[in-house]
Chemist: 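Could you have a look at this structure, given as structure tokens, before my questions?
Everything quoted here is computed from the prediction, not taken from an experiment.
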Amino acid sequence: MLSAKSRIAARLMVVATLAALTAGCFQPMYAERSDGKPGLREKLQGVEVPPLEYPNASPQARVGVAIRNALMFKMYGSATGLPPTYQLKIRFNPSRTSLIVDPNTALPTSENYGIDATYGLIEIATGKQVLTGSTFSRVTYDIPGQMQRFARARAYRDAEDRAAGEIADNINTRLASFFYAGT
């Protein structure tokens, strides 16, 4: 009969053997490719993100700029990428919900800001839509008192920026998956 130490050693040996067998399968997503094909970074840099179509000076226009800027920084690392081979179209709907209401004043003390976004990736050469998807973000912010109007406005704007960043993260992750795995 095997002792407890022998069983643990045998299990560790099995784990080490499996790890050694699968070690050659690992390839970093953002690494440069040695076979001459474009890497994921180059494919993401070939995605053009046109300005979102919302009326100037509207709240949606400000959030649209925040989503676009965050997404472009995640994909390119700067303001521009390579010559575009794809175009990304984004539409979104913001929402605002009161979570906690003060029973004395009937005014909210905590609110939820949300963005529901849909996007489509269009191949420029063919005009064919190769990817569609949707994503959402919900962030909560507190209202520090009804007498502090600036603090409430600032909390709301920070919530918009956080939600826009989450939307950009979600879209960037989905695009990376598409370009890496082709699905």
Chemist: Quick check: closest heavy atoms across I115 and A164, and the distance to 0.1 Å?
Modeler: CD1-N, 3.9 Å

Chemist: Not counting sequence neighbours, which residues clear salt bridge (charged side-chain N to carboxylate O under 4.0 Å, His left out) with E160? List them please.
Modeler: R62

Chemist: Under 4.5 Å between side-chain heavy atoms, hopping through other hydrophobics if needed: is there a path connecting M72 to I124?
Modeler: no

Chemist: Taking C-beta and beyond as the side chain, do V49 and I67 meet within less than 4.5 Å on heavy atoms?
Modeler: no

Chemist: Using modelled atom types and a 3.5 Å cut-off, is there a donor and acceptor pairing between side-chain atoms of S177 and backbone atoms of T173?
Modeler: no

Chemist: In the single-linkage hydrophobic clustering (I, L, V, M, F, W, Y; side-chain heavy atoms under 4.5 Å), do F136 and L175 co-cluster?
Modeler: no

Chemist: Measure the spacing between CG of N93 and CD of Q60 and express it to the nearest 0.5 Å.
Modeler: 8.5 Å

Chemist: Partners of A159 by side chain to side chain contact (heavy atoms under 4.5 Å, CB included), sequence neighbours excluded?
Modeler: Y113, V139, Y141, R162

Chemist: Taking salt bridge (charged side-chain N to carboxylate O under 4.0 Å, His left out) as the test, write out the residues that go with R154, two or more places apart.
Modeler: D158

Chemist: Are any of the side-chain heavy atoms of L71 and L88 separated by less than 4.5 Å?
Modeler: yes

Chemist: Might you point out which heavy atoms bring D161 and A66 nearest each other, and give the distance in Å?
Modeler: OD1-CB, 4.2 Å

Chemist: Between A176 and L40, which heavy-atom pair has the shortest distance, and what is it?
Modeler: O-CD1, 3.7 Å

Chemist: Which pairs pass salt bridge (charged side-chain N to carboxylate O under 4.0 Å, His left out) with one or both residues in residues 46-59, sequence neighbours excluded?
Modeler: none

Chemist: Compare every heavy atom of S137 with every heavy atom of E166, then report the nearest pair and how far apart it is.
Modeler: OE1-OG, 2.7 Å

Chemist: If you round to the nearest 0.5 Å, how far is CG of L99 from CG of N112?
Modeler: 4.5 Å

Chemist: Is Y119 reachable from V65 through a run of hydrophobic residues whose side-chain heavy atoms are each under 4.5 Å from the next?
Modeler: no

Chemist: Could you tell me whether Y156 atom OH has more than 12 heavy atoms of other residues or ligands within 6.0 Å of it?
Modeler: yes

Chemist: Can you tell me how far the CD atom of Q129 sits from the CD atom of Q87, to the nearest 0.5 Å?
Modeler: 10.5 Å

Chemist: S110: which residues meet the side chain to side chain donor-acceptor pair (under 3.5 Å) condition with it, sequence neighbours left out?
Modeler: D142

Chemist: For R96, enumerate each residue passing the salt bridge (charged side-chain N to carboxylate O under 4.0 Å, His left out) test, keeping only those at least two apart in sequence or located in another chain.
Modeler: E111

Chemist: Not counting sequence neighbours, list each pair that qualifies as a salt bridge (charged side-chain N to carboxylate O under 4.0 Å, His left out) and has a residue in residues 112-131.
Modeler: D116-R138

Chemist: Could you tell me which residues satisfy side chain to side chain donor-acceptor pair (under 3.5 Å) with D169, sequence neighbours excluded, listed by chain and number?
Modeler: K74

Chemist: Quick check for you: to the nearest 0.5 Å, what is the distance between I122 atom CD1 and T85 atom OG1?
Modeler: 12.5 Å

Chemist: Under the ring-ring contact (aromatic ring centres under 6.0 Å, His included) test, which residues partner Y86, sequence neighbours left out?
Modeler: F179

Chemist: Partners of Y54 by ring-ring contact (aromatic ring centres under 6.0 Å, His included), sequence neighbours excluded?
Modeler: F92

Chemist: Would you please name every residue forming a side chain to side chain donor-acceptor pair (under 3.5 Å) with N170, sequence neighbours left out?
Modeler: T135

Chemist: Within this structure, what is the CZ-CD1 distance for the pair R174 and I171, rounded to the nearest 0.5 Å?
Modeler: 11.5 Å

Chemist: Who pairs with P59 by side chain to side chain contact (heavy atoms under 4.5 Å, CB included), at least two apart in sequence or on another chain?
Modeler: none

